[in-house]
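Each chain gets a letter, A, B and so on, in the order the sequences are listed, and its residues count up from 1.
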Amino acid sequence: MTATLIAALPDVPAPVLVLAAGILVLLLAIACRRPGRESGTVAGAIIAAATLGLAFAGLWSPAPPHAADMARLFAADAWFAYGAGLILLSSGGILAMSWRQMAGERADEAHLLLLLGTLGAVVVAGSANAIAFFVGLETLSLSLLGLIAYRPRLPDAVEAAMKYLVLAGTSSAILLFGLALAYAETGDLRFTVPLAANPAEPALAMAATLLVLTGLFFKLSAAPFHLWLADVLDGAPTPVAAFIAVVSKIALFVALARYFAMTDLTGTAWPAQDLAIVAVLSMVGGNLLAFGQTKLKRLLAGSSIAHIGYLLVALLSAGPLGAGSAAFYLAAYAAATLGAFAALGAAPDQPDLAAWRGMFHRRPAVALALSIMLASLAGIPPAVGFFAKAYIVAAGMSAHRMLLLAALIVSSIIGLCYYLNVARVMMTPAPDTAAPAGAAASGTTVLLTALALATVLLGLFPGPLVQRTTALFRSAGPGGATLAASHDILYASTPPPRQRLLR
Amino acid sequence: MMALYALVLLPLVGAAAAWLAGRASPRAPWPVAVATLVLLAALLAYITWAVPAGGGPWLAHASAPWIPALGITLRCDMDGLGLVLLWLTVVLSFPCVLLASRDITDTPGTFHALLLATIAGVDGVFIATDLFLFFFFWELMLVPLYVLITVWGHEDRTRAAFKFFLFTQGSGLLMLLSILGLAFVHQQQTGILTFDYFALATTHLSPVLAMGLMLGFFVAFAVKLPVVPLHVWLPDTHTQAPTAGSVLLAGVLLKTGGYGLIRFVVLLFPDAAIRFAPVALALGALGILYGAWLSLVQDDIKRLIAYSSVSHLGFVLLGVFSASPLGVAGAVVQMVAHGLSTGALFVIAGALQDRLHTRDLRRMGGLWPALPHLSATGLVFAIASLGLPGLGNFVGEFLVLLATWRISPPIAILGAAGLVLSALYALTMVGRAFLGPPPGDGWPALPDFGARHMAVLGAAMALLLALGLYPQPVLDLSLPAPLLHSALPHAALTGGPRP
């Protein structure tokens, strides 16, 4: 038994191992020395930061030798490395943001939960197997639950946690049912659309896919499964909200793309059509949701839903550009959304948009940073979001997704309204009675500066990142079209003998 | 030639310097901005002077890789058309800074930085020959102007700025679709993904596709120019913008629309443009008459000037789509003349508002004795704007009408009728503001234009006069250079009368 475990270890990507080890060390540190003092908190944060750093470095470790097809839990390909890199960087940013904010008397557990959540996200991003995927997803969801309710004195936090618990539980159950159904139909646990394996009962496989998709869309908060996001983001502490909006969404999008790696999404056939409907609903619905919000976090929730829609457009635009644009957009989205939350964190206790009046006079740096982030989300140059959106439109054009592009343009214009509105509010002079904004923690300041610089510099010089994101999929050869095409190489061998469980 | 990049980078560096200077002292940004403009003018003079004689219609060129994976380069080329409009930009930014922005007290550093950033974006638009780079600059020039209007505009500024941004950005997205569509059609034909203007010009398009792609470009430029059904952002924005913003908007930004029509709509899609010409000519005539008609009944002086812009730029649309070199030359002259005269009128309207704290013509009147210099310059530019022979506007309008007459006499007649209306509203404006009895019991002592204003506006007058008396240099330069690597016949520009 032990021997089997150790034999399986090399198959696990290095970042997962590093994160797991770091979590153990942190647990030990907490157990050995119950912190009543500041030093414990700092040590915990340092361990967490070191773990994230080492895990990031681990991305460059040589890929493990390929195990036998069926036993394979992880696909440590370039797509995984890219997604995991984004996840780890974002987690590092969130750690910097929460350096002081999450800290009350017991900050160590917050760091532990953050690491656990990151581990779950990385596993989700890398899993090639339904069970690995589900375990990763549950690790992610459960640590998120703990993080949301971490400060129970915030009344909204408990409410948000309850909401998240119920909906995450429901969606997990649906997802699990779908995975089980797929297993029953095809007899293997690979995390992919069961239809690709030519099952005997296509209807059953279709139902399985639908259930899995429903679960995934719940977690991604794509419309029409988006209703929980605004409440949860609003109730959660700012760093946790950032974690939900950035880390967990990146992980799930990476997994979603992997799920469809072997499916043809080019036409208007069945799964593509469903995805297209969800994409349109997310783009338009998310932007409409954000349109009337008076609270910044709820506004960002709507914007996040809409961006999932844009990403789905990229996913649906099969072709060399589609894959690259999805990867590029993921990075642009992560930087801008994380930055927007960091800006919220830099002016704490001002959840209402109205409280941000005159921010350009009171806290010009924060206001400028938030404006850059929102410009990026809106797709205004010179922020990186401009190029990212143009890239997606290019991908959609090359794949002839005209209807989707029309929806994208309409919803972008709606989006422009509320992003500009925030900038306008910050430019209007403040009433004299406005409460002085609290000072930002140093971690947040550093993060915000770094992200603002990255957003603008990437926007001005997107070349290297474009090169990198297209190279992710180059390995698939000239015809390599679908995302995570290296996946195909992995499974290029003959399909496994199918066990018929039903019947 | 790296100097082309410097045209964009220099104002940006100046903007950063002005912003930094503003942090040191509220008086410091203004000299920094003036110095930047002087340097910019010197740079442009150098570029003009360094053009090799007889080196072909493309005067300067610069190229560098930007996003090689997608075939996007930092390619810039300048021809005579670009040069004329670049000079217009530089010349008009002087009144903006010299006359309008010195009195800004509310964070002057940021104000000047934004002004210079807008100029950088406009410069980029006039030289970019990579379509993606062009689109980048096209969007980039909006942002600083939006902030300028939102923060330093008049009473209803936020709504006006918002409208401006929404219209231009929304139509810009349509242009993006067209750019990408053209690039992908080209890729299908040649296997190369590129956004290079000269390469894309060789793409063979089916008539339907060409019309669709052309319309994407046309809408974006028509919003900017503006062409009548798409003009609704303009009166509000011009009225609410701070004086410097109004001058820049009317003088330069609207010209990016005309430039785009010539450079991209007509040259990239010559056949589609010819088929579309009847619609465009009708829209142009409609714009001339509608703008003039609305101008007649305005009480707000800035709104009146704004509607007159709609009318004047209808001539540009006529000229561009008259499918003859004569019409295009006339359109360019009209753009330059309109930039100078309307820019000056906005300076004067701004000065009136500073002194009287109103833009309402019903509360003006009899200002001539109180403000003789201001009123006299107002009269001169109003007359220039109505197209008095001897001044630049006349040349532009005359050439455009001549070219239009050759293809469609009815449209030319309608356009000429617009000229009558323009005489009406310009003289009405002069009469209501400067002549007649003053309201109430006369004007208190008001500060008249000083030497600074008279010098700058006098220079604008001299330029208008020069353009009116000897337009040949501008006419020589104004024809867009042919597409270097293109084998297409330039039917739109060389074919004479429409078949």
Looking at B:Trp66 and A:Leu460, would you say the former's side chain and the latter's main chain have a donor-acceptor pair under 3.5 Å?
yes

Spacing of CZ belonging to B:Arg159 relative to CZ belonging to A:Arg424, to within rounding of 0.5 Å:
12.0 Å

Pair A:Leu321, B:Leu70 - check side chain to side chain contact (heavy atoms under 4.5 Å, CB included), show working.
CA-CA 9 Å; A:Leu321 287 181; B:Leu70 298 181; 3.4 Å; yes

Could you look at B:Ile72 and say if it's the side chain, the backbone, both or neither that has a heavy atom under 4.5 Å from chain A?
side chain

Between B:Phe135 and A:Phe386, is the ring centre distance below 6.0 Å?
yes

Part of B:Gln188 lying under 4.5 Å from any heavy atom of chain A
side chain

With respect to chain A, which residue among B:Thr107, B:Leu140, B:Val151, B:Thr110 yields the maximal number of heavy-atom pairs within a distance under 4.5 Å?
B:Leu140

In terms of heavy-atom contacts, B:Leu180 and A:Met397 come closest through CB-CG, 3.7 Å

Per-residue contact mode, B:Leu176 against chain A (heavy atom under 4.5 angstrom)
side chain

Would you find more than 12 non-hydrogen atoms of other residues, nucleotides or ligands less than 6.0 Å from A:Leu457 atom CG?
yes

Residue selection (most heavy-atom pairs with chain B, distance under 4.5 Å) from A:Gly463, A:Ala375, A:Pro462, A:Ser398
A:Ser398

Point-to-point distance, once rounded to the nearest 0.5 Å, from CG of A:Leu408 to CG of B:Leu173:
8.0 Å

If you look at every heavy atom in B:Val143 and A:Pro381, which pair is closest and at what distance?
CG2-O, 3.8 Å

Sort A:Tyr391 into side chain, backbone, both or neither according to what part of it lies under 4.5 angstrom from a heavy atom of chain B.
side chain

One should read off an interatomic distance between B:Glu139 CD and A:Ile380 CD1, to the nearest 0.5 angstrom, of 8.0 Å

Of A:Cys417, A:Ala390, A:Ser412, the largest count of non-hydrogen pairs under 4.5 angstrom with chain B goes to A:Cys417

When only pairs under 4.5 Å are counted, which of A:Pro429, A:Ala394, A:Ala423, A:Pro464 shares the most heavy-atom pairs with chain B?
A:Ala394

Under a 4.5 Å heavy-atom cut-off, does chain B meet the side chain of A:Leu405, its backbone, both or neither?
side chain

Check whether B:Phe136 gets within reach of chain A through its side chain, its backbone, both or neither, counting any heavy atom under 4.5 Å.
both

How far apart are the closest heavy atoms of B:Ala69 and A:Thr470, and which atoms are they?
CB-OG1, 4.2 Å

Name the region of A:Ser371, side chain, backbone, both or neither, that has any atom closer than 4.5 Å to a heavy atom of chain B.
neither

Pick from A:Thr469, A:Val393, A:Leu465, A:Val410: which one has the most heavy-atom pairs with chain B under 4.5 Å?
A:Val393

Search all heavy atoms of A:Gly379 against all heavy atoms of B:Gln169 and return the closest pair with its distance.
O-NE2, 3.8 Å

Is there a side chain to side chain contact (heavy atoms under 4.5 Å, CB included) between B:Tyr146 and A:Leu420? Walk through the geometry before answering.
CA-CA 10 Å; B:Tyr146 167 77; A:Leu420 278 185; 3.6 Å; yes

Supply the atom-to-atom distance B:Thr150 OG1 to A:Met427 CE, rounded to the nearest 0.5 angstrom.
4.5 Å

Should the ring pair B:Phe132 and A:Phe387 be called parallel, tilted or perpendicular, given that the plane angle runs from 0 to 90° and is split at 30 and 60?
perpendicular

